[in-house]
Amino acid sequence: MRTAHRTCPICDAVCGLRIELGDDGRVHTVRGDAEDPFSRGYVCPKGASLGRIDEDPDRLRTPMIRTGDQWREASWDEAFRVVEKGLTDVIDRHGRQAVAAYFGNPTFHTMAGIFYRGPLSQALGTTNLYSAGTIDQMPKQVACGLMFGNAMAIPVPDLDRTDHLLVIGANPAESHGSLCAAPDFPGRLRALRGRGGRIVVVDPRRTRTADLADEHVFVRPGTDALLLFAVVHTLLAEDLVTPRVGTEGLERLREHAVPFGPEAVAEACGVPAETIVRMARELAAAPTAAVYSRVGTCTADFGTLTQYLVDVLNVLTGNLDRPGGVMFTRPATVEVPWGPRPFTSGRWRSRVRQLPESLGELPVATLADEIETPGEGQVRALVSVAGNLALSAPNGPRLARSLRGLDFMVCVDPYLNETTRCADVILPPPRMMQMPHYDLLLLTVTVRNYTRFSPPALPLEPGQLSEAEIMARLALIASGRGADADPRELDEAIVGELLEAGVRAPGSPFEGMEVAQARALLDGDSGPELMLDAMLRLGPYGLSLARLREHPSGIDLGPLEPRLAEVLGTESGLVRLAPPELEEEVARLRGRMAAPVPPMLLIGRRQLRSNNSWLHNVPALVGGSNRCTLHIHPDDVARLGLGSHARVTSATGDLVVPVEPNDRIMPGVVSLPHGWGHAGSPQRTAARNPGVNANALTDDSVVDPVSGNAVFNGAPVTVTPAPGPGGTGSGSDASAPRGTTFPSAA
Ligand SMILES: Nc1nc2c(c(=O)[nH]1)N[C@H]1C(S)=C(S)[C@@H](COP(=O)(O)OP(=O)(O)OC[C@H]3O[C@@H](n4cnc5c(=O)[nH]c(N)nc54)[C@H](O)[C@@H]3O)O[C@H]1N2
Ligand SMILES: Nc1nc2c(c(=O)[nH]1)N[C@H]1C(S)=C(S)[C@@H](COP(=O)(O)OP(=O)(O)OC[C@H]3O[C@@H](n4cnc5c(=O)[nH]c(N)nc54)[C@H](O)[C@@H]3O)O[C@H]1N2
Ligand code: SF4
Ligand SMILES: [Mo]
């Protein structure tokens with residue numbers, strides 16, 4: 001037996017783990033790493049199951065090639081040759097714009113995803129680039145871009161010191177937090193109250209987070225922008241505004257806020273005016289306070305406007321960039337610019353719907369349009385890395401159908417699943433235990449400055465490829481260098497680019513050196529490790545990979561400190577409180593106040609033992625409370641005369657789902673978790689607990705106009721009684737396989 005220290009790579013909480021491995025490479029136990037200064041031994045049920053997830057017998061071990069309906073195992077050489085032919089055929093006949101790429105959620109966690117996503121995109125030479133960003137957090141990044149001039153300047157709540165936390169559309173007690181990396185988020189919430197602080201949760205469901213709070217406020221889905229504008233209105237009207245940072249646009253903001261008085265929005269939001277006024281006064285009166293919002297409002301109507309209003313509140317109450325408020329993490333790695341500074345978006349638009357680019361990406365909600373609509377620039381090939389679009393994208397079943405019509409598709413993914421089965425080739429990465437791990441993105445949003453590196457716990461087996469090598473070889477193929485080009489060439493080019501900036505940066509440890517000299521100083525067993533070493537050495541703490549290896553449980557780099565000036569990228573050097581880019585949205589929101597409320601609105605929910613679509617094949621993580629059911633208020637159950645099942649119908653589809661009456665959800669709202677819909681999957685456990693694809697009901701024609709982000713929450717639906725699956729009319733589950741034979745991957 002030996003012990004490996006690893007950061008859990010599953011969710012955003014970056015918990016440190018201690019893993020006992022046998023000589024055979026099997027994981028015996030997974031415990032929280034008590035020596036980790038940040039997570040201090042915390043582990044959740046998913047982290048504790050990491051061994052079972054990693055050793056899943058249904059994971060793919062070799063590349064897979066599809067011919068017609070049949071899948072077969074193939075060698076890497078053959079698989080890459082098929083990829084080369086597939087991509088070059090499309091590029092030769094239709095140009096580079098005919099190729100699209102999608103980068104799913106795990107690419108924000110893996111080193112390979114983060115380091116090679118850019119080079120692969122560049123090599124493809126297309127603007128048809130998509131990621132999980134536009135079905136998740138893009139509104140937050142665009143809002144930060146517009147306010148702070150820097151889409152990576154994401155303020156995080158100073159969770160361990162704040163006196164008042166207002167949580168809107170996030171459920172960190174189950175999700176463990178997002179864009180706010182905090183191991184044991186629930187424990188930190190308890191500690192907040194233990195030291196006399198106050199927590200208020202705004203959510204159409206009384207969540208586990210609400211159970212940890214002092215107050216829970218029901219809000220009608222999709223109306224948070226109205227609610228927050230009314231809070232802003234109250235602060236301004238009652239002269240409770242005390243910004244402590246330089247701002248521009250306060251007068252224009254005041255004009256904007258005028259119509260959104262608490263009385264004016266109360267009915268649309270379903271929040272009493274007195275509650276809104278009290279929320280504003282409490283926020284202003286708290287010694288320190290932090291307003292935090294996530295997926296619930298990012299993936300709802302007015303996503304960008306809502307994220308902007310969140311930080312407007314943080315600024316107006318004097319809580320931006322101060323201890324106990326919201327602050328900017330100082331990561332250990334050098335900050336590499338992402339997107340233009342000052343931030344601008346809409347530098348180009350999607351071909352079919354003219355939706356704006358943000359951070360070099362187009363909205364996932366329009367990928368199906370780009371595939372289905374004929375004409376110059378029509379997408380005919382897709383490279384998909386770590387994504388399950390069939391289950392995660394709005395109107396997923398439509399997108400899955402369009403994927404099946406592509407000339408060529410390649411996926412980098414450990415599973416044959418609802419999306420990868422549409423591909424021609426699947427390239428499986430090795431097990432998590434075999435990869436080095438460093439959270440380049442998550443460690444930029446931690447609630448304390450902190451760093452930790454995990455070397456691979458197990459070596460690659462003969463014939464296995466690292467995910468970095470898979471990505472590098474795809475990039476080399478895309479750039480025309482061919483399936484046989486040496487991936488180390490690309491690694492050196494990426495390292496060289498980092499160092500070139502480093503030798504020019506005043507005060508850097510490489511300042512004035514030749515790039516080759518600096519390169520000789522770097523240490524690492526693989527391309528990603530060399531890149532990380534360069535970024536650590538160029539980072540603000542002067543760390544190195546060697547230093548991190550000496551501290552396998554991680555290094556605490558201290559509490560967050562004010563640093564707005566360093567991250568601000570606006571032309572004026574001020575925080576923009578009324579970006580003109582949002583004027584149209586403010587006008588649209590005024591119209592929303594009087595809009596009729598649809599009788600039933602659909603929202604999502606996350607489940608403690610799930611992670612989007614890909615943990616349902618682990619027996620310990622399914623069953624019990626982790627089932628795909630429709631939460632609906634008992635009054636609605638009675639009113640609609642529902643039995644065990646209901647048919648839920650939206651503008652895009654209909655599903656029959658088990659009904660789970662629940663008095664913790666707002667009347668007039670139903671909730672269905674996403675990531676389910678595994679009928680017929682070769683993942684055997686998942687297939688036994690299939691659930692339905694919630695995104696059969698979400699509408700890809702509706703987006704947040706500013707960021708192009710998908711709108712999952714607040715979809716109008718009708719709910720009617722339905723016989724159970726044994727009866728007639730078992731509903732359409734468009735994610736069930738059609739005509740494709742799934743082989744056993746074991
Ligand atoms: N256990 C678990 N953890 C996860 C994941 C998972 O699938 N399972 N996924 C990971 C990922 S990818 C992410 S991005 C993070 C997300 O982490 P969170 O942002 O915390 O996501 P959710 O748990 O979905 O919480 C969103 C909340 O918003 C509420 N909501 C829905 N619509 C509205 C609305 O219109 N207004 C308001 N105010 N609230 C609304 C929902 O009821 C829900 O409670 O979680 C990560 N962690
Ligand atoms: N209705 C609704 N839809 C939603 C959401 C919602 O709240 N409601 N949430 C949205 C959010 S926040 C997100 S982030 C997206 C997620 O959207 P996606 O990223 O498209 O979906 P995931 O389910 O996370 O799929 C991850 C894929 O990566 C594979 N994978 C796992 N580990 C690795 C790895 O190490 N390497 C590689 N190459 N592949 C790996 C898995 O097998 C799986 O196929 O879903 C979005 N969709
Ligand atoms: S909370 Fe997230 S990071 Fe921590 S152990 Fe669980 S899945 Fe892993
Ligand atoms: Mo996400």
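In what follows, every heavy atom counts, from backbone to side chain, and hydrogens, waters and symmetry copies are set aside. Indexing begins at 1, ligand by ligand and atom by atom, following the structure's order.
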Would you tell me whether Thr209 and Asn171 have side-chain atoms, one donor and one acceptor, within less than 3.5 Å of each other?
yes
Taking NZ, NE, NH1 and NH2 as the nitrogens, is one of them in Asp33 or Arg452 under 4.0 Å from a carboxylate oxygen of the other?
yes
Salt bridge or not for Arg448 and Asp160, using N-O below 4.0 Å?
no
Salt bridge check, Glu174 against Arg205: does any charged N sit closer than 4.0 Å to a carboxylate O?
no
Salt-bridge present (Asp136, Arg294; N to O < 4.0 Å)
yes
Is there a donor-acceptor pair under 3.5 Å between the side chain of Thr698 and the backbone N or O of Asn395?
yes
For ligand 3, which part of Leu50 has a heavy atom less than 4.0 Å away: the side chain, the backbone, both, or neither?
neither
Parallel, tilted or perpendicular: rings of Tyr450 and Phe38 (30°, 60°):
tilted
Hey, which residues fall under 4.0 Å of ligand 2 on heavy atoms?
Tyr102, Gly104, Asn105, Pro106, Thr110, Ile135, Asp136, Val295, Ala386, Gly387, Asn388, Ser392, Val412, Asp413, Pro414, Tyr415, Asn417, Pro429, Met435, Glu467, Arg606, Asn612, Ser613, Trp614, His674, Asn695, Phe712
Sub-2.8 Å protein N, O or S atoms surrounding atom 6 (Fe) of ligand 3:
Cys44 SG
Proximal ligand 3 atoms for Val14, defined as those under 4.0 Å from one of its heavy atoms:
3 (S)
Can Trp76 and Glu469 be said to form a side-chain hydrogen bond (donor to acceptor under 3.5 Å, both in side chains), step by step?
CA-CA 11 Å; Trp76 286 100; Glu469 180 167 351; over 6 Å; no
Please answer whether the main-chain N or O of Asn417 pairs with a side-chain N or O of Ser681 as donor and acceptor at a distance below 3.5 Å.
no
Ser131 side chain to Gly104 main-chain N or O, any donor-acceptor pair under 3.5 Å?
no
